[in-house]
Amino acid sequence: MALMNLLEAINHTLDQQLTLNDDVVLFGEDVGLAGGVFRTTADLQKKHGEKRVFDTPISEAAIIGSAIGMAVGGLRPVAEIQFSGFLFPGYNELVTHAARMRNRSRGRWFLPMVVRMPYGGGVRALEHHSESLETLIAHIPGLKLVIPSTPYDAKGLLTAAIKDNDPVVFMEPKRIYRAFRQEVPEEEYEIPLGKARIVRPGSRITVVAWGAMVRETENALKLLGDADAELIDLRTIAPFDKETIIDSVKKTGRILIVHEAVKSFGPAAEIIASVNEEVFYHLEVPPARLTGFDITVPLARGEHYHMVDPKRIAREIKRMLSLKA
Amino acid sequence: MLFKKYDPLKKKVFRVLGQEGKIVNKDYEPAWSDEELLAIYRQMALGRIADIKAIQFQRQGRMLTFVPNQGQEAAQIGPMLALKKTDWLVPGFREFNALLAHGLDLETAYLYWYGNEMGSKYPENVRALPVNIIIGTQINHAVGLAYARRLKNTDEVVITFIGDGGTSHGEFHEGMNFGAVLDAPLIAVIQNNQWAISTPRAKATKSETLAQKAIAYGIPGIQVDGNDLFAMHAATKEAAERARRGEGPTLIEALTYRLGAHTTSDNPDLYRSEEETAEWLERDPLKRFRIYLTEKGLWDDDREEKLQAELNDQVLEAFKKVEARGAVAPEDIFRYTYEKMTPELEKQLRSLREYLAREAQ
């Protein structure tokens with residue numbers, strides 16, 4: 001066991017997988033020599049060599065496209081897109097090939113590949129460095145989307161993602177890269193994809209969050225004192241753990257989804273639609289979502305208006321609990 | 001060495017078998033036996049007739065949209081003959097002949113265009129990725145595949161094909177550049193068939209040749225008569241040797257012509273002249289190969305007639321099998337989305353099955 005922050009846990013996991021499996025390769029812009037712009041991949045090239053940990057030209061299409069070829073060729077590529085906002089030149093490859101190769105070849109080829117990318121706001125970054133693009137991944141059949149919220153989960157989920165035989169997009173909430181430390185076991189372990197985590201049980205309201213919003217919600221619950229809320233960390237956005245959410249709503253009758261991504265057609269819409277389909281008559285009050293606004297993420301001086309924070313979450317939970325069933 | 005001699009900036013085109021069926025470059029005449037030469041002609045003729053028949057089937061409403069390959073047989077088969085079965089083919093979408101030459105059976109190749117994904121499930125021993133519709137993307141798959149096979153300590157090479165139009169795509173640049181940086185064992189063949197649907201080669205790029213784009217990537221590039229099977233074979237052979245030695249990618253521009261339409265939904269009469277097509281018909285790769293065989297005493301009209309009848313039967317037989325197994329089972333459209341079906345997909349499949357059962361009553 002060692003105390004690690006999210007970033008250290010990711011670095012440790014990549015190091016461990018590179019050590020345990022010769023087929024794992026790691027590449028992207030500035031991941032080798034420099035160890036990544038956030039230092040997520042620090043020292044890995046020195047340790048595992050330039051053939052397995054390497055820098056690429058500034059070519060996101062080549063990064064994701066070549067990962068597809070590497071996976072066909074028997075490797076387990078872990079590609080990095082420097083910021084999720086830079087994904088778009090490579091998005092073509094992700095959607096038109098990575099997501100479909102297993103299906104279009106009827107299982108002849110499949111792609112054990114991971115595309116990592118820091119995402120989300122709250123770090124007062126430049127334009128295109130703060131987006132939350134979950135929907136653009138989760139909407140594509142054939143892709144999986146995983147977002148960790150703690151160092152412990154980051155290791156278990158990333159290990160599972162690397163071992164998975166389908167393409168996994170692994171979005172890292174960069175805002176909490178260094179936010180807190182947690183005990184992370186040294187030995188290899190997996191957290192199964194598609195399974196949510198009940199962060200704390202409760203009986204009066206279900207709150208679903210992921211990434212940096214889990215911590216924001218925990219802080220909101222601290223502000224509220226005794227809200228008796230059940231907080232669920234979704235962990236895998238696609239395919240998402242409907243069962244855990246449904247079971248929780250059956251118990252609480254109230255559901256709030258919290259996400260950074262913009263509101264319209266966002267992940268909350270899908271979760272609420274599923275709740276309505278499955279347990280509509282268990283709902284005591286209308287389901288609600290607290291999300292980014294339907295706007296371009298503002299630059300640093302205006303970003304605080306857009307970000308969901310503990311105060312807003314606390315206020316919304318209070319409002320929902322005050323509604324009569 | 002070939003690539004030094006044929007500088008694309010000097011517009012030197014590499015040719016071995018001339019348009020009139022005569023050897024114009026003795027040094028590169030391959031040392032194939034009579035049997036081998038006849039087998040190669042048979043391969044080209046099969047590609048040609050399979051193409052003609054596919055269009056007929058499409059017109060009869062028995063086949064869906066098909067991408068014709070006529071005129072590009074030498075540009076595809078020549079390179080594949082220079083490679084081993086353990087090498088890899090990463091096609092675009094007009095590489096029907098390359099796939100067959102690499103060992104794919106006609107039935108499977110047809111099945112894809114018939115509208116069934118099983119037509120992209122190639123047998124284990126065929127090292128090829130499926131037909132790739134999205135222009136340019138295959139270059140990057142080929143780069144990654146080539147890198148992986150080298151990292152696995154094999155001497156395998158990867159060949160990929162792209163069209164003249166495809167070279168305008170950003171991914172062509174990203175892939176060629178990255179492949180060169182990695183010294184990936186890669187051969188990229190541009191089938192310059194002069195037309196990207198209705199856009200002529202001259203409007204695709206200001207570059208005088210497509211081969212010269214290699215210079216910017218720091219790799220060899222060569223312009224080859226793409227209707228000359230011997231030249232395409234020889235250029236690919238040298239490119240493969242370079243790749244196996246660890247010297248990185250080579251770019252081969254095959255000067256050829258799409259004798260048919262872009263797809264069965266296209267009408268080339270709208271954008272190009274009959275004179276142009278007639279001129280290229282004179283340069284037909286099969287025609288010159290036939291003359292070469294005839295002058296060697298290996299071919300005559302009787303043999304041609306007999307071969308055509310045989311191949312015709314072979315094609316009809318394959319298509320009959322395609323029609324017999326063309327239908328898709330409902331579970332097939334779900335079960336390959338992920339390694340394991342998600343609970344949601346299982347639910348959706350159940351709902352489709354229930355609906356179909358009710359409808360059938």
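What you see below is based on every heavy atom in this structure, not just the backbone, and it leaves out hydrogens, waters and symmetry mates.
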Subject >> Segment of B/E339 engaging chain A (4.5 angstrom heavy-atom cut-off) >> reply: both

Subject >> Closest-packed option against chain A by number of heavy-atom pairs under 4.5 Å, given B/D332, B/T342, B/V90 >> reply: B/D332

Subject >> Closest non-hydrogen atom pair between B/E174 and A/P89, with its separation >> reply: OE2-CB, 4.5 Å

Subject >> Region of A/A67 that comes under 4.5 Å of a non-hydrogen atom in chain B >> reply: neither

Original post:
Given that the side chain runs from C-beta out, which part of B/V131 has a heavy atom under 4.5 Å from chain A: side chain, backbone, both or neither?
Top reply: backbone

Subject >> chain A contact via B/I333 - which portion, at a heavy-atom distance below 4.5 Å >> reply: both

Original post:
Taking everything shown except A/I58 itself, do over 12 heavy atoms lie less than 6.0 Å from its CD1?
Top reply: no

Original post:
Given that the side chain runs from C-beta out, which part of B/T137 has a heavy atom under 4.5 Å from chain A: side chain, backbone, both or neither?
Top reply: both

Original post:
Would you find more than 12 non-hydrogen atoms of other residues, nucleotides or ligands less than 6.0 Å from A/Y189 atom OH?
Top reply: yes

Original post:
Is the number of heavy atoms from other residues, nucleotides or ligands within 6.0 Å of CD (B/E247) greater than 12?
Top reply: yes

**OP:** Determine whether the side chains of A/E93 and B/H141 contain a donor N or O and an acceptor N or O closer than 3.5 Å.
**Re:** yes

Original post:
Quick check: does any side chain N or O of B/Y338 sit under 3.5 Å from a backbone N or O of A/P141, one acting as donor and the other as acceptor?
Top reply: no

Original post:
Is the closest side-chain heavy-atom distance between B/F178 and A/S59 below 4.5 Å?
Top reply: no

Original post:
So, does B/E117 use its side chain to make a donor-acceptor pair with the main chain of A/R106 at under 3.5 Å?
Top reply: no

Subject >> Inter-residue atom distance B/E344.CD - A/S274.OG, 0.5 Å rounding >> reply: 6.5 Å

Subject >> Heavy-atom proximity to chain B below 4.5 Å, by part of A/I64 >> reply: neither

**OP:** Sort B/P343 into side chain, backbone, both or neither according to what part of it lies under 4.5 angstrom from a heavy atom of chain A.
**Re:** neither

Original post:
Just how far is it from atom CD of B/Q138 to atom CD1 of A/I68, taken to the nearest 0.5 Å?
Top reply: 11.5 Å

Original post:
What distance do B/I134 atom CD1 and A/T96 atom OG1 have between them, rounded to the nearest 0.5 Å?
Top reply: 5.0 Å

Original post:
Counting only heavy atoms not in B/Q348, do more than 12 fall under 6.0 Å of its CD?
Top reply: yes

Original post:
Going from OG1 on B/T337 to CD1 on A/I140, what distance comes out if it is rounded to the nearest 0.5 angstrom?
Top reply: 12.5 Å

Original post:
Do you see a donor-acceptor pair shorter than 3.5 Å between the side chains of B/N140 and A/H97?
Top reply: no

Original post:
More than 12 foreign heavy atoms under 6.0 Å from NZ of B/K85: is that the case here?
Top reply: yes

**OP:** Counting only heavy atoms closer than 4.5 Å, note whether A/N92 contacts chain B via side chain, backbone, both or neither.
**Re:** side chain

Original post:
How are the rings of B/Y147 and A/F54 set to each other: parallel, tilted or perpendicular (split at 30° and 60°)?
Top reply: tilted

Original post:
Is it the backbone or the side chain of B/L129 that comes under 4.5 Å from a heavy atom of chain A, or both, or neither?
Top reply: both

**OP:** Work out which heavy atom in B/S120 is nearest to a heavy atom in A/R104; give both atom names and the distance.
**Re:** CB-O, 3.0 Å

Original post:
Ignoring hydrogens and geometry, is there a side-chain-to-backbone donor-acceptor pair from A/R108 to B/Y122 under 3.5 Å?
Top reply: yes

**OP:** Under 4.5 Å heavy-atom distance to chain A, tell me which part of B/E156 shows up: side chain, backbone, both or neither.
**Re:** neither

Subject >> Pick from A/G74, A/P57, A/G69, A/A71 with the largest number of heavy-atom pairs that fall under 4.5 Å of chain B >> reply: A/G69

Original post:
Among A/K144, A/R100, A/R52, which residue forms the greatest number of heavy-atom pairs with chain B at distances under 4.5 Å?
Top reply: A/K144

**OP:** Output the distance between atom OG (A/S66) and atom CG (B/L182), rounded to the nearest 0.5 Å.
**Re:** 7.5 Å

Subject >> NZ/A/K251: more than 12 non-hydrogen atoms of other groups inside 6.0 Å >> reply: yes

Original post:
Where the side chain of B/Y336 meets the backbone of A/G107, is there a donor-acceptor pair that is under 3.5 Å apart?
Top reply: no

Subject >> A/L33 atom CG, neighbour heavy-atom count above 12 within 6.0 Å >> reply: no

Original post:
Using non-hydrogen atoms only, which part of A/E60 is less than 4.5 Å away from chain B: side chain, backbone, both, or neither?
Top reply: backbone

**OP:** Look at atom NZ of A/K51 and say whether more than 12 heavy atoms of other residues, nucleotides or ligands are closer to it than 6.0 Å.
**Re:** no

Original post:
Looking only at heavy atoms, which two atoms of A/M101 and B/P130 are closest? And how far apart?
Top reply: SD-CD, 4.2 Å

Subject >> Side chain, backbone, both or neither of A/D23 within contact of chain B (heavy atoms, under 4.5 Å) >> reply: side chain

